[in-house]
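Below is one structure, written out as structure tokens; the observations come after it.
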There are 2 protein chains.
Amino acid sequence: MNVGEVAALAGITVRTLHHYDRIGLLSPSGRTASGYRRYSAPDLDRLHQVLVYRELGFPLEEVAALLDADDPAEHLRRQHRLLRDRLERTQAMVAAVEKEMEARAMGISLTPEERFELFGDWLPEEYEAEAEQRWGDTEAWEQSQRRTRSYSKDDWVRIKAEGEDVERRFAEALRAGVPADSAAAMDLAEEHRQQISRNFYDCGPEMHAGLGRMYVEDERFAAHYEQIAPGLARYVSTAVQANAARQAG
Amino acid sequence: MNVGEVAALAGITVRTLHHYDRIGLLSPSGRTASGYRRYSAPDLDRLHQVLVYRELGFPLEEVAALLDADDPAEHLRRQHRLLRDRLERTQAMVAAVEKEMEARAMGISLTPEERFELFGDWLPEEYEAEAEQRWGDTEAWEQSQRRTRSYSKDDWVRIKAEGEDVERRFAEALRAGVPADSAAAMDLAEEHRQQISRNFYDCGPEMHAGLGRMYVEDERFAAHYEQIAPGLARYVSTAVQANAARQAG
DNA sequence: CTTGACCCTGACGCGACGTCAGGCTGTGCA
DNA sequence: TGCACAGCCTGACGTCGCGTCAGGGTCAAG
């Protein structure tokens, strides 16, 4: 195969193949009399490995070293491991974004530490308390609120009232002994979900279930509900997850 | 906060912050009398957005444009969408690596098209047939086999015999009417899994279940089993997945 | 035998920093 | 009070992984 064909097949540019040839990462196994690069099946094989490692963020020099040192089975194992790591990290980032969405929707402020948790390899706690004190105060938070909203004041009042209404009815149901997995509680949960979708972001049942889990696992969110009524965090969480299961089923 | 503190918190270098300041992507909201950069809470907020977009592969200039144009809710929605895309892609890559592992273990050759499927935005079929003809021949494959193995010839013979033994016993069980989700069939599946783990790569129950699904979904693997006995692909697939469920439960 | 698509080799440019160099600042402690 | 030493500053040059011409040969179709 010629450069152009290989490039099209692999979704890269001809220039990239030239580059890989120049730096000795992937030299085609043959040339025509007129100097055209000719790529063989093993060359494509190697290119494939290169692209996987590249996507995983390895510098090309290191890729060359790896490919020249280890056997194919080892590459597959390593790539598998690295990809699973990446999967985990991406899942964590998705979860973090969803948490942030929910925090905004509920008017809870996350600390910088919480936000940066995914980046940088975790810091000593010494720092934590100090920064919490410095940045966790309400002034910065209120300012941030003002800055971040595009809703008008009236919208905002209405949205808050809607949210508190559902929370109140959740609390009533809890007090009245209505089971959290009853149809009535699930209906409330569904209303909660649609409210979020309307006012903040598109929240499908699956994502809603994730939020439900967070309501008990994350102390900030738990505190928000516990403050309204003891046991409400778990109650809402159960109702939301039961509703999600109902939607799925 | 000073540069060093922010850098430590966010898991980046001081130089990176200098760079972001220089290009106007993130300028600290204040300076001390002596010229030290001082970062405020909103600055950290912006930095966080920058890092997420950066991780998602956006050029910094575009990040600046996005951050100056849209409101926070829009960023969260966009980031959520992009992260979910990335999740899907990573899952596809994991699946591809597992498929490749299994192909090697079973002695099946994947075409370059299959391997590059994840890269480059899918090609016209015109190409497909031609390349298949060029690269799908057994000569290149055998050569690749010789190149890629680090096992000795004797090892290789033994491993192949082991594999064929289990396949034969699967076929016998099928012929004898042993249900695919019976304990006996699951035991065979478990033996199969351990064989793969010993001889090729570490194959946990979850991964094994994935392979099981592939045995019927991918025509190449299906053909391998159907050639031994009709209905064997589905039979093995079911047994493998039942065994994985048993292990998990 | 020409036209147009494809290939070649330099060579320079660029984005996102890394890495000094040379000098000022802030603080713990002797 | 002085000073050692960590931390901050601003250039300025280097690096990696290509993108993007420029200038010129190649090849299949008509």
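Per chain, numbering begins at 1; letters A, B, ... match sequence-line order.
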Separation of dC18(D) atom C1' from Leu17(A) atom CG, nearest Å, is 12 Å
Ranking dC8(D), dT9(C), dG18(C) by distance to the side chain of Asn2(B), first place goes to dC8(D)
5'-most contact on DNA chain D (nearest-nucleotide basis), Thr16(A) vs Ala33(A), goes to Thr16(A)
Item to check | Donor-acceptor under 3.5 Å (His80(B) side chain, Glu98(A) main chain) | outcome: no
Among the nucleotides dG10(C), dC18(D), dT26(D), whichever has the atom closest to the side chain of Ser34(A) is dT26(D)
Q. Do Arg37(A) and Asn2(A) get their side chains close enough for a donor-acceptor pair, meaning under 3.5 Å?
A. no
Report yes if a side-chain nitrogen or oxygen of Tyr20(B) is closer than 4.0 Å to either non-bridging phosphate oxygen (OP1 or OP2) of dC17(C); otherwise report no. yes
To the nearest angstrom, the CD-C1' distance between Glu61(A) and dG17(D) comes to 13 Å
Value for OG1 (Thr13(B)) from NE2 (His19(B)), rounded to nearest 0.5 Å, stands at 10.0 Å
Atom CG of Asp21(B) and atom C1' of dC9(D) are separated, to the nearest Å, by 11 Å
Is any side-chain N or O of Arg37(B) closer than 4.0 Å to OP1 or OP2 of dT10(D)?
-> yes
Note to self: For the backbone of Ser40(A) and the side chain of Asp43(A), can you confirm whether one donor and one acceptor N or O come within less than 3.5 Å of each other?
What the structure shows: yes
dC7(C) OP1/OP2 closer than 4.0 Å to side-chain N/O of Arg31(A): no
What I'd like to find out is whether the side chain of Leu17(A) reaches to under 4.5 Å of the side chain of Tyr39(A), using heavy atoms alone. yes
- [ ] May I ask you to verify whether the side chain of Tyr36(B) and the base of dG7(D) hold a donor-acceptor pair under 3.5 Å?
- [x] yes
To the nearest angstrom, the OH-P distance between Tyr53(A) and dC16(D) comes to 21 Å
When rounded to whole Å, the CZ to P distance for the pair Arg22(A) and dT9(C) reads 8 Å
To the nearest angstrom, the CE-P distance between Met1(A) and dC7(C) comes to 11 Å
Nearest-nucleotide check on DNA chain D, Arg15(B) vs Gly4(B); residue mapping nearer the 5' end is Gly4(B)
Between CG of Leu51(A) and P of dG17(D) the distance, given in whole Å, is 13 Å
Looking for any heavy atom pair under 4.0 Å, which part of the strands does Thr13(A) touch: base, sugar-phosphate only, or nothing? sugar-phosphate
In whole angstroms, the gap separating P of dG14(D) from NE2 of His19(B) amounts to 18 Å
**Item:** dC18(D) phosphate, OP1 or OP2, under 4.0 Å from His18(A) side-chain N/O
**Value:** no
